[in-house]
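Let me begin by presenting the structure, written as structure tokens, before commenting on it.
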There are 4 protein chains.
Amino acid sequence: MKPTNKNSWRYRLHEIIYEADTPLGKLFDVVLLAIILLSIVLVMLESVRWIDIKYHNILYFCEWVITIFFTIEYIARIITVKKPKTYIFSFFGIIDFLSTIPLYISMILAGSHYLLAVRALRLLRVFRILKITRYVGESNKLVKALKDSRPKILVFLFAVLIISIIAGTLMYIIEGEESGFVSIPVSVYWCIVTLTTVGFGDIAPVTPLGQFLAALIMIMGYGIIAVPTGIVSAEYTKNMGKQDVLGKDYVHVNTQACINCGAQKHRDDAKFCHKCGEELHPENNIEA
Amino acid sequence: MKPTNKNSWRYRLHEIIYEADTPLGKLFDVVLLAIILLSIVLVMLESVRWIDIKYHNILYFCEWVITIFFTIEYIARIITVKKPKTYIFSFFGIIDFLSTIPLYISMILAGSHYLLAVRALRLLRVFRILKITRYVGESNKLVKALKDSRPKILVFLFAVLIISIIAGTLMYIIEGEESGFVSIPVSVYWCIVTLTTVGFGDIAPVTPLGQFLAALIMIMGYGIIAVPTGIVSAEYTKNMGKQDVLGKDYVHVNTQACINCGAQKHRDDAKFCHKCGEELHPENNIEA
Amino acid sequence: MKPTNKNSWRYRLHEIIYEADTPLGKLFDVVLLAIILLSIVLVMLESVRWIDIKYHNILYFCEWVITIFFTIEYIARIITVKKPKTYIFSFFGIIDFLSTIPLYISMILAGSHYLLAVRALRLLRVFRILKITRYVGESNKLVKALKDSRPKILVFLFAVLIISIIAGTLMYIIEGEESGFVSIPVSVYWCIVTLTTVGFGDIAPVTPLGQFLAALIMIMGYGIIAVPTGIVSAEYTKNMGKQDVLGKDYVHVNTQACINCGAQKHRDDAKFCHKCGEELHPENNIEA
Amino acid sequence: MKPTNKNSWRYRLHEIIYEADTPLGKLFDVVLLAIILLSIVLVMLESVRWIDIKYHNILYFCEWVITIFFTIEYIARIITVKKPKTYIFSFFGIIDFLSTIPLYISMILAGSHYLLAVRALRLLRVFRILKITRYVGESNKLVKALKDSRPKILVFLFAVLIISIIAGTLMYIIEGEESGFVSIPVSVYWCIVTLTTVGFGDIAPVTPLGQFLAALIMIMGYGIIAVPTGIVSAEYTKNMGKQDVLGKDYVHVNTQACINCGAQKHRDDAKFCHKCGEELHPENNIEA
């Protein structure tokens, strides 16, 4: 590959599409963000029956305009990037592709029966919103914090699952099919709904024993909801560390004493005593 | 503007209305607080049909008495304050105005059709309760803690929203309109209801796949509820723990600069510059 | 009052009733605890219709036996204590009295109409369970932790209330009486149900705008649920402090250096170098 | 018992069944895990009526295959282990037995009436999933963290129970049987459902006073949900933060004692006693 020519159109397009430091690059990102949001709103509106009936053609036209824009953007991303393969098979490359393709597939596969399936595929375009996270710097910290405490949270969730299976099975035996606990999977589902304190109420125990067990499950859920929170909380406190707590108004002081007045706790970089002005001799300081 | 005469009626009235240090000022604040609460209770009672029918005239009369009191108070606030414009366009100035005006508007705009709309406007008077926060000192700390962790919480809520949109769309495809998932916006609404562990149960999945996905969403919600809590918790620990974390090896430094070498961040009790040994003059310290 | 005779029956009875250090005193406390629990179960069972119909006489008899036992216990407590008035008007003195009296009142006030009211009074005996907390030492720590963070939690709950009133009023205007939002108080109740993530679902928004506002309220609730947790969490971490974290396997080390080998970080009470065995001279240690 | 022959089939089988360090041992554990999961899925599917009707014979056959496999595994575990009694009466020994036996019992006890009860017994095989926790190392930490904060959480849950009983009784008196509060136990159940923020909605207050009390209970629940979280959070921070809190001014000390003066708590790398200068012999250290 030739050395990058900083004035070539490919280099400038790359700067606009992939970076947000130049005015044009920033503008592109903002416009893209707006179009992504618009596209999500369109998909949502289309699913509302009366809106779809009334404005079907307008929505369909907008869908196509956005899809073509995304197609151009996708091609531009491939052309301008140095290693197209790396982009195409990267997380965002796949998402970009998946958010472009559905409408084209709906063209090839005709017939009323398939149209519905295509509509479902089009809904995958919702993945495009994931692009937004690119622009938020803070999110990396969050992801890191979640990653750090992931093994603990996973073990915890696994414990929740075991409790759900056992308690769900017990509830199925106790309550029976009359109360809505029609099978063990449904009972386990109810148990997860209860343990996570969601509590839809579509299924609810009616027998005294069932209600007693349900109360136990809830109190247990109340007790263990503390665990993941405690984990993440401690993880966060750990990451923050001493420096954040101290802030810029505090400096570390050492134990060297002034040979003139004996004053202690000087700044680590102090050259003169803060009390009497005598010159300090940090080289004598054993803590160095 | 003339120099403030400490014995003028305007000065004394200002002291009563805006401050709570004198006995009269304190009494005024307590009475105002009671009337605000009473006014909220009145608005609430009026919305209860059978109370409105039975006691309409009494409620209407009380409404007017309170509105007139608030009008007088609002005018008094404008007259007594030095810079009326600053007050009028301040947060509380606007709230004070909004909580006074609705009943007057209901006078001008007559007709049964408009009356209902006016009633809605009158409900805005509920904003008056926001005045109460003025009197609670502790609230500032809370607001600060929330502000400090706001960017993190916002990113987190954004992540919740993305999850809701994707999961909501999937639920719409899986469950269909029979289960109440009539459109993607409604599905997303259901997803937020579930992720936040509220779980109304007005919409609930009935298909096995839908219930499985719902269980995943709930467990996910259970896992990520830990994140905002962890953030605020760490933020609080940070604000609180300063002294504990510092220990005896750290001292507070101030912003005074040495007049000889310009070095900053001296110990609060420093008499000589730690860099050049020049005598410091804390009385000149701008931070005073 | 005469000097306490350690062998008098009153002294011994006081020891049994008020203390749990002697075998008899411990036995008394355990029996009392069991009877309190039994009494609560009896009150509960009595409220279940079919149990009350079938076993009314047995339950009634047991009620009287327990009431007489509690009466004797209450009189014994008054007789044996040195300052009866202090006991009678203490928190537990009042609870002991309230848990004894209801059944007697039901004797004096006859008539089917009053019987129901008396039953309600009898339910107050449930307060007796509060006695149990006496025996749990750990509870004091919990109460202290809650007390320390009470002002912050109160301010927070107040903020929750203001949000509920404003959002409840908005929901009343948006949803109207068809969706169950029949009045502002009911709307505020629904708003508290939603903000606290309880979500009964007896009232639920049906209009798109109402569902959108409900989603906002939920996400807000999700965000602010972190606040009280963060407060208590930080309060707890604070109380634990350094010593708990360190444990007995860690000691503080200072910065003095051995004059022979120069090894640092000796224990504060070290007399000899841990590396070379040379005698240390702590008196030269500036950190002393 | 003879000295263990490292090449005997029993020793090798023990290595495969009980350990996961050799390739065969690892394979066995993975296969066992898969079969346990399969068996749970089978039990679940069997409880779904239409699946049971359609595939009864296949499910029944698979059940037997798995049961026989588990029986062989159980016998192998007893044969290969050195102290069979310790295994049999250990936690996992009992679970292994309970997850093997139900299907055999269903053979002996015939008759349609008993078949249903047996099905319930078979559901106990769900306990087998508990085996999975063996393979997750992280879980021990979680269990430790929960154990450490158990007394505090228990006291807290006890407080929740007292509140539930008192508030439940009050709700029973206020709401009455029309709203679903048919007895005090049911009211207490509702109160736990509400306090834990589950909120099924199968029972919900309808009277203004009942809704007001419910709102109070919810806000209380919102406030106290912070307590267990705070406890676990602090406990975690404590366990985790040791190194961070210690900093460089603290070193770990061990339990070895000086043979000359008996002084303990020497630095881990100490060669001489810090008290008397005697040479230390870490190789004699009992903590090794």
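Just so it is clear: chains get the letters A, B, ... in the order the sequence lines come, proteins before strands, and each one is counted from 1.
Highest contact tally toward chain D, considering only A:L195, A:T194, A:V198, is held by A:T194 [criterion: heavy-atom pairs under 4.5 Å].
Residue D:I51 does not touch chain A at all, counting heavy-atom pairs closer than 4.5 Å. Neither the backbone nor the side chain of A:P208 comes within less than 4.5 Å of any heavy atom in chain D.
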Chi angles and distances behind the side chain to side chain contact (heavy atoms under 4.5 Å, CB included) call for A:Q211, D:V193: CA-CA 10 Å; A:Q211 291 182 336; D:V193 169; over 6 Å; no
Do any side-chain atoms of residues 184-191 of chain D form donor-acceptor pairs under 3.5 angstrom with protein atoms, and if so which ones, sequence neighbours left out?
residue, atom, partner, partner atom, Å
D:S187, OG, D:G168, O, 3.4
D:S187, OG, D:S183, O, 3.4
D:W190, NE1, D:I203, O, 3.1

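Note that CD1 of A:I219 is 6.0 Å distant from OG of D:S164, once rounded to the nearest 0.5 Å.
Between A:D202 and D:F200 there is no side-chain heavy-atom pair separated by less than 4.5 Å.
Scanning all heavy atoms of the two residues, the minimum distance from A:T197 to D:T196 falls at CG2-O, 3.4 Å.
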